[in-house]
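Order of listing sets the numbers, starting from 1, for every ligand and every atom in it. Each residue takes its place number in the sequence, starting with 1.
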Amino acid sequence: MMLTAPTYLSVEGAYVDLLRLACESPEHRIEARGNAAREVIGVAFQLPNPRQRLPYIAARKANPVFHFAEALWYLAGRRDLAMIGYYTPSMRSSSPDGVNLGGSAYGHALFNPAAGDTVSPFDRVLELLRTEADSKRGYLPVFSATELTSADNPDMACLAGLHLLVREGHLHMVCNMRANDLDCGLLSDVFSFTMIQEYAAVQLGLRLGHYTHTIGSAHVNECNVERVKRVLNEAELRRTRPQFPFPVMPQATGPDTIRRVLEHEELLRTNTARYSADEIRRLGFEVYWQQVLLLFEVYRQIQHDEADTVSRDVLDALLPNLRWLVGRKWASCAAAAEVSAR
Ligand code: 5HM
């Protein structure tokens, strides 16, 4: 019997299984552009609940601040290093001009009008899905043929495109990646693309369907193999994993919400504002977006304040899953981890 892609209750299971496959049974050992890596070709998995988009593995130290920042950067259609480079300085080396990102600024391709158009591809696809039942045409291309014209292109899109499909009141998404770094890229990509899927479902007033992730070259870089082994050990030893539900994006979320959240993000990033948990509560956002601003305030304190610890009121106001993650990621937030372990 022909089966669809294997399904996982959370991205964590797919991440661990793919790491194990590429590390322990690689199909190829490659050295593309000087990066030694272990590779398997042509893999896929499906998440019936795309909100389970974070792994809770202490050795991996997933960074929810970066994940939300990147998802918002995409949703706002941006490509500036000023924002994304603050959350992940390593992205600076991919910029062709030191100001903007190139092919990896996926939101720029999705949420701005293409040349000769006045409406973004995202809005065009939503319009199509509103009007044509069971459409197969809701495809959002990201990789463009012009990226092949420069032989030393430092930033070629790894995402080929995102496919949105409305079936029986649910919005499904299929993601096609030409390449995915299973240890680093996969988690941030699944996080952000499922956020785009959920955002699209909210705009259409549909229920969130399943998410399918497909990869051409799935690989683990040799320089990350030791950390990957620690992740695999932890996943093997731990019988019961922390199970945290991820909250539902509010129905009122739209472009204006993203713009307003990013106004406060910029104030915090530039250290122009500093917020207590109470002040964030009074900004007029739903609890879901308050959580994101709490994360940005945590990161502001880590980046800009001299203090050894992040303020308690902000850590205590975080949802348990986010508190668990920041407690593992930063020593200055470790007290938060003790609380959530109780
Ligand atoms: O040589 P190449 O352009 O394929 O190198 C890009 C590397 O970044 C690959 O290892 C790719 O898998 C990884 N990557 C990723 O996994 C890059 C981006 C940014 O486009 C991404 N996910 N989103």
Identified side-chain contact (heavy atoms from CB on, under 4.5 Å) counterpart of Leu262 within the set Leu267, Leu72, Leu75: Leu72
Test: Arg269 cationic atom under 6.0 Å from Phe296 six-membered ring centre, within 45° of axis: no
Phe68 and Phe191 aromatic ring geometry - parallel, tilted or perpendicular at 30°/60° bounds: perpendicular
Glu265-Tyr87 side chain donor-acceptor pair, cut-off 3.5 Å: yes
Heavy-atom closest pair, residues Tyr106 and Ala157: CE2-CB, 3.9 Å
Asp17 and Tyr8: side chain donor to acceptor below 3.5 Å: yes
Give every pair made of an N or O atom of ligand 1 and a protein N or O atom lying under 3.5 Å apart, one pair per line with both atom names and the distance to 0.1 Å, or write 'none'.
from: ligand 1; atom 1: 1 (O); to: Arg33; atom 2: NH1; distance (Å): 3.0
from: ligand 1; atom 1: 3 (O); to: Arg178; atom 2: NH2; distance (Å): 2.9
from: ligand 1; atom 1: 4 (O); to: Arg178; atom 2: NH1; distance (Å): 2.9
from: ligand 1; atom 1: 4 (O); to: Arg178; atom 2: NH2; distance (Å): 3.4
from: ligand 1; atom 1: 10 (O); to: His219; atom 2: NE2; distance (Å): 2.6
from: ligand 1; atom 1: 12 (O); to: Asn180; atom 2: N; distance (Å): 3.2
from: ligand 1; atom 1: 12 (O); to: Asp181; atom 2: N; distance (Å): 2.9
from: ligand 1; atom 1: 12 (O); to: His219; atom 2: NE2; distance (Å): 3.1
from: ligand 1; atom 1: 16 (O); to: Asn180; atom 2: ND2; distance (Å): 2.9
from: ligand 1; atom 1: 16 (O); to: Asp181; atom 2: N; distance (Å): 2.8
from: ligand 1; atom 1: 20 (O); to: Tyr106; atom 2: OH; distance (Å): 2.6
from: ligand 1; atom 1: 22 (N); to: Asp189; atom 2: OD2; distance (Å): 2.8
from: ligand 1; atom 1: 23 (N); to: Tyr106; atom 2: OH; distance (Å): 2.9
from: ligand 1; atom 1: 23 (N); to: Asp189; atom 2: OD1; distance (Å): 2.9
from: ligand 1; atom 1: 23 (N); to: Asp189; atom 2: OD2; distance (Å): 3.2

